[in-house]
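In what follows, a single structure is set out as structure tokens and then discussed.
Sequential numbering from 1 along the given sequence is applied to the chain's residues.
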Amino acid sequence: MDMSCLHAFHPSSLRLPPPDPIPISRTKPSPPPARQETAPLRKAARGRAAQKRAPAATRPSVPRNVDLIASASNPFVKHCVKLRQSSSYRHSHSSALVVGTTPIREICNFQSSKNKIAIIDCLLLLDKAQIPDDLEERSLRLVRVSSLVMEKLSGVESAESIKAVALMRIPSTFYNVDDETDDRDCRRWFASRHRILVLDGIQDPGNLGTLLRSATAFNWDGVFLLPGCCDPFNDKALRASRGASFQLSLVLGRWSNLETLRNEFQMKLLAGHPESNMGQKLVSNLSPSFVDSLANVPVCLVLGSEGRGLSEEPESLCELVSIPMAGKFESLNVSVAGGIFLYMLQPQVWVTPSALS
């Protein structure tokens, strides 16, 4: 059942555990069930500085003389599958598995446009399949795999359409603010801070990936992930984002870290919310005049999860904004509502109507 994306009702007893969370609380999580996404990222990725101090766990690799893997029990295949299934494992190895030719191509094209070094450690291609056009000229470690191995790697029910899987390094643009002392580095979190999307407990990887894709499309500067969000390098999130997780600056932190960023750069805090607030707090409409008033104002936009809604801090401390709707529906899916907010509030690249009046 489609729940409200911007609902304010959030009793803690109704909160379900996310499928692939990035918890940053100090409490140790209980052991996850077998073959489920595991939770602890608290100390697995401490940001760029920590990654320089301590190298990632040793990455299993394919011997140079191996060009074809036919067995699903191959150690390297098992390593790749674990990267797809386990959040803590992928961050301890600073690697992720990207499934499908389209997101792989999107990531590589983005890296090329920024003159960055390729982050593909290995391209796993279905035996007899052609090398994708955009990847043919690149110097990549290429290994052919059988259809059985590709099915195991991809984890999708219909693997016939999957021709390629890439083992990629998690980019340095992912930053985990695990320690309060890292607040002093808030200037390094984002290259620019004019438009920052803040996701508050977005647990569904499809919604999170779609929001990352929209943020990239509308040229937002980055995304701040509050506690309870699923891992942006989850395979389903990567599929929904079409690789946007590798293109955006992503910061994982707490509300206190976000306040540090807001105070440092005098950012305005907005939060998506239903139009009706039972008179508790004024809710502004996302109107053209409202958008125009923020053209030169740095903004943090907070979106809450479906069902649970906004956390206490953003609901009480942010200016609440709703999307006017002529229909009778109370709310929209969070990825749909987020797309509208991201479009309306995107950095202005054209003359606004008010400027012509």
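- The backbone N or O of Gly253 sits nowhere less than 3.5 Å from a side-chain atom of Asn257 that would complete a donor-acceptor pair.
- Side chain to side chain, Asp200 and Ser311 meet the donor-acceptor criterion of an N or O pair below 3.5 Å.
- Contact record, Leu211 with Gly338: CD2-CA, 3.7 Å, taken as the closest heavy-atom pair.
- Side-chain contact between Leu226 and Leu199 is absent, with no heavy atoms from C-beta onward closer than 4.5 Å.
- Judged purely by distance below 3.5 Å, without hydrogens or angles, the side chains of His91 and Asn176 never pair a donor atom with an acceptor atom.
- When ring centroids are compared, Phe233 and Phe174 come within the 6.0 Å threshold.
- Lys163 NZ to Thr101 OG1: the interatomic distance, rounded to the nearest 0.5 Å, is 8.5 Å.
- Note on Leu148 and Val145: separate hydrophobic clusters, where clusters join Ile, Leu, Val, Met, Phe, Trp and Tyr whose side-chain heavy atoms are under 4.5 Å apart, directly or indirectly.
- With hydrogens and angles ignored, the 3.5 Å screen pairs no side-chain donor or acceptor of Glu315 with any backbone N or O of Glu312.
- Proximity of a side-chain donor or acceptor of Arg144 to a complementary backbone N or O of Leu126 within less than 3.5 Å is detected.
- A donor-acceptor contact under 3.5 angstrom links the side chains of Asn333 and Ser335, judged on distance only.
- Ring geometry for Tyr175 versus Trp189: interplanar angle of 30 to 60°, hence tilted.
- Residues Leu125 and Met150 share a closest heavy-atom pair of C-CE, 4.1 Å.
- With rounding to the nearest 0.5 Å, the separation of CG in Leu167 from CZ in Arg84 is 13.0 Å.
- Judged by distance alone, the side chains of Arg195 and Ser192 never bring a donor and an acceptor atom under 3.5 Å apart.
- Inter-residue side-chain proximity for Val143 and Ile69 is flagged as met; some heavy-atom pair is nearer than 4.5 Å.
- Contact record, Leu258 with Phe224: N-CZ, 3.8 Å, taken as the closest heavy-atom pair.
- Within the 4.5 Å cutoff, the side chain of His194 has no heavy atoms near those of the Trp220 side chain.
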Mind running salt bridge (charged side-chain N to carboxylate O under 4.0 Å, His left out) on Arg169 and Asp121 for me, showing each step along the way?
CA-CA 7 Å; Arg169 294 187 294 279; Asp121 285 328; 2.3 Å; yes

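- Contact annotation: the side chain of Lys268 never approaches that of Pro298 to less than 4.5 Å [non-hydrogen atoms, C-beta and beyond].
- A donor-acceptor pair shorter than 3.5 Å cannot be found between the side chains of Ser249 and Asp221.
- Judged by distance alone, the side chain of Ser245 and the main-chain N or O of Gly243 form no donor-acceptor pair under 3.5 Å.
- Smallest separation of non-hydrogen atoms from Ser154 and Val99: CB-CG1, 3.8 Å.
- For the atom pair OH of Tyr89 and CG of Leu83, the computed distance is 6.0 Å after rounding to the nearest 0.5 Å.
- A donor-acceptor distance shorter than 3.5 angstrom exists from the side chain of Ser113 to the backbone of Phe110, with no hydrogens or angles considered.
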Would Asp231 and Arg90 satisfy salt bridge (charged side-chain N to carboxylate O under 4.0 Å, His left out), going step by step from the backbone distance to the final call?
CA-CA 10 Å; Asp231 188 349; Arg90 79 175 67 100; 2.6 Å; yes

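- Scanning both residues, Asn285 and Val321, for their nearest heavy atoms gives C-CG1, 4.2 Å.
- In terms of modelled atom types and a separation under 3.5 Å, the side chain of Arg242 and the main chain of Arg239 share no donor-acceptor contact.
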